[in-house]
Amino acid sequence: MWVPIGLLAGLRDSKAQQTTLHPLVGRVFVHPLEHATFLRLPEHIAVPPTVRLTYHAHLQGHPDLPRWLHYTQRSPYNPGFLYGTPTPEDRGHQVIEVTAYNRDSFDTTRQRLLLLIGDPEGPRLPYQAEFLVRSHDVEEVLPSTPANRFLTALGGLWEPGELQLLNITSALDRGGRVPLPIEGRKEGVYIKVGSATPFSTCLKMVASPDSYARCAQGQPPLLSCYDTLAPHFRVDWCNVSLVDKSVPEPLDEVPTPGDGILEHDPFFCPPTEATGRDFLTDALVTLLVPVLVALLLTLLLVYIMCCRREGRLKRDMATSDIQMFHHCSIHGNTEELRQMAASREVPRPLSTLPMFNVRTGERLPPRVDSAQMPLILDQH
């Protein structure tokens, strides 16, 4: 049957409808978010399977949900769920605002949930057991039918009595890993059940230390009764925890303030009162001794560097005459060459005069007047 898109979208600007719910402290609360509730279809019209709706829920005046309330939705084609277990601190009323988004027409519909949280009636449930069901996801046990089926199957392992769901938690919220995308792999879910009847012998044996020791070695735990939960629910019997609250826990003793004086103890010898001391001498010794040592080292270094030097006279007297004459001649020749290089008006050297033939007496002028050439080529 064809349904107009505008009908499926709901009323965009209509006033948000309000629903009153009554969660109980210590009992699991589950509220499904059905597509038909937000689409507002007539009773004779079914919701088409192709409609995609997603939800966003938050506490009124806050961006998130209360700490005890959780939201889950597997896909836009499946309904969403608000679930959780309120605590005694959550008593009172809370307003949850839910907004549904139509992924086809992009329209929104709002709904308000007024939660009146109160105390449960009936007997207390001091005997509580928590099971890890690996064959289901959390949204698969939130509907009433699977939850009631689990309680009925668990009744075969427990003593006859009323069993009630206390809490449902996804294994992913307890540190579990996301399973591989293989058929048959589930995330797992923790289911907590309470009863006024004590635990059966079968459950006590499962939670015994011997059973946990077998689980640590990779062996199946001890189970003295028939597993009535199989094959619909595959329970990890190595992760079963039992809590007995029938015996009240002893109250912590309030410490009594004393007078602040320790009792006599032969092993404790407190120090006696210390007499007054003048630390001026200690301070002067601590400061002056390093300063005096540094001053002495400085004077010693000055004496070695300045007062122990050998003079020039002593150095000349210790040098031989030949070495001194050789040094002076070199020094004198060097000075003469420097003077000749500085002035060109000196007599010409014999090596630059015209050559003289002693046999003929003929003088020949040199080919190159070397007197006009500088002794150092870089000078002109």
Side-chain angles (χ1 to χ4, degrees), residues 23-24 26-32 70 72 74 78-79 81-86 120-176 179 182-212 214-215 218-246:
L24 300 178
R27 302 291 189 271
V28 65
F29 166 76
V30 180
H31 178 69
H70 305 276
T72 183
R74 179 59 57 176
N78 302 113
F81 290 94
L82 292 174
Y83 68 99
T85 303
E121 299 179 355
R124 295 175 57 251
L125 306 177
Y127 302 97
Q128 302 175 5
E130 190 175 49
F131 304 89
L132 174 58
V133 181
R134 296 191 176 277
S135 58
H136 288 70
D137 294 331
V138 62
E139 68 273 1
E140 296 178 350
V141 297
L142 290 177
S144 58
T145 301
N148 295 332
R149 186 185 303 158
F150 181 84
L151 293 178
T152 302
L154 184 60
L157 301 177
W158 211 319
E159 298 293 338
E162 183 182 2
L163 300 179
Q164 293 189 15
L165 289 175
L166 301 183
N167 193 13
I168 297 177
T169 307
S170 173
L172 300 181
D173 298 336
R174 297 284 189 89
I182 303 177
E183 185 178 359
R185 297 291 183 90
K186 300 292 184 178
E187 298 173 356
V189 58
Y190 285 90
I191 302 179
K192 192 173 185 179
V193 181
S195 176
T197 307
F199 302 115
S200 63
T201 306
C202 179
L203 293 179
K204 292 180 180 179
M205 183 174 294
V206 170
S208 63
D210 296 339
S211 181
Y212 288 150
R214 291 173 59 89
C215 291
Q219 301 178 3
L222 300 176
L223 189 63
S224 60
C225 54
Y226 177 72
D227 187 3
T228 57
L229 294 172
H232 302 287
F233 299 94
R234 183 166 56 87
V235 177
D236 186 358
W237 294 107
C238 292
N239 286 277
V240 176
S241 60
L242 305 180
V243 178
D244 186 0
K245 295 185 177 181
S246 58

Requested in this report: Output the distance between atom OG (Ser170) and atom OH (Tyr83), rounded to the nearest 0.5 Å.
Outcome: 5.5 Å
Report summary line: Output for pair (Leu163 CG, Thr152 OG1), nearest 0.5 Å, gives 9.0 Å
Query raised in the report: Nearest 0.5 Å, what's the SG-CG distance between Cys225 and Leu157?
Result: 4.5 Å
Query raised in the report: How long is the span from the CD atom in Glu187 to the OG1 atom in Thr72, to the nearest 0.5 Å?
Result: 7.5 Å
Report task. Quick one: list whatever passes salt bridge (Lys or Arg N to Asp or Glu O under 4.0 Å) with Lys186, sequence neighbours left out. Result -> Glu140
Report task. Kindly write out the residues that satisfy side chain to side chain contact (heavy atoms under 4.5 Å, CB included) with Asp236, not counting sequence neighbours, or none if the list is empty. Result -> Leu132, Arg134, Cys238, Asn239
Report summary line: salt bridge (Lys or Arg N to Asp or Glu O under 4.0 Å) filter on Asp227, not counting sequence neighbours, yields none
Report summary line: Contacts of Ser200 meeting side chain to side chain donor-acceptor pair (under 3.5 Å) (sequence neighbours excluded), chain-then-number -> none
Report task. Please identify each residue that fulfils salt bridge (Lys or Arg N to Asp or Glu O under 4.0 Å) with Arg185, with sequence neighbours left out. Result -> none
Query raised in the report: So, do Pro79 and Pro32 sit near enough that their side-chain heavy atoms are less than 4.5 Å apart?
Result: no
For residues 203-211, tabulate all N or O donor-acceptor pairs below 3.5 Å that involve a side-chain atom, not counting sequence neighbours.
unit_1	atom_1	unit_2	atom_2	d
Ser208	OG	Met205	O	2.6
Ser208	OG	Ser211	N	3.4
Ser211	OG	Val206	O	3.0
Ser211	OG	Leu222	N	3.4

Requested in this report: First locate atom CZ of Arg27, then atom CG of Leu125, and finally report the distance between them rounded to the nearest 0.5 Å.
Outcome: 4.0 Å
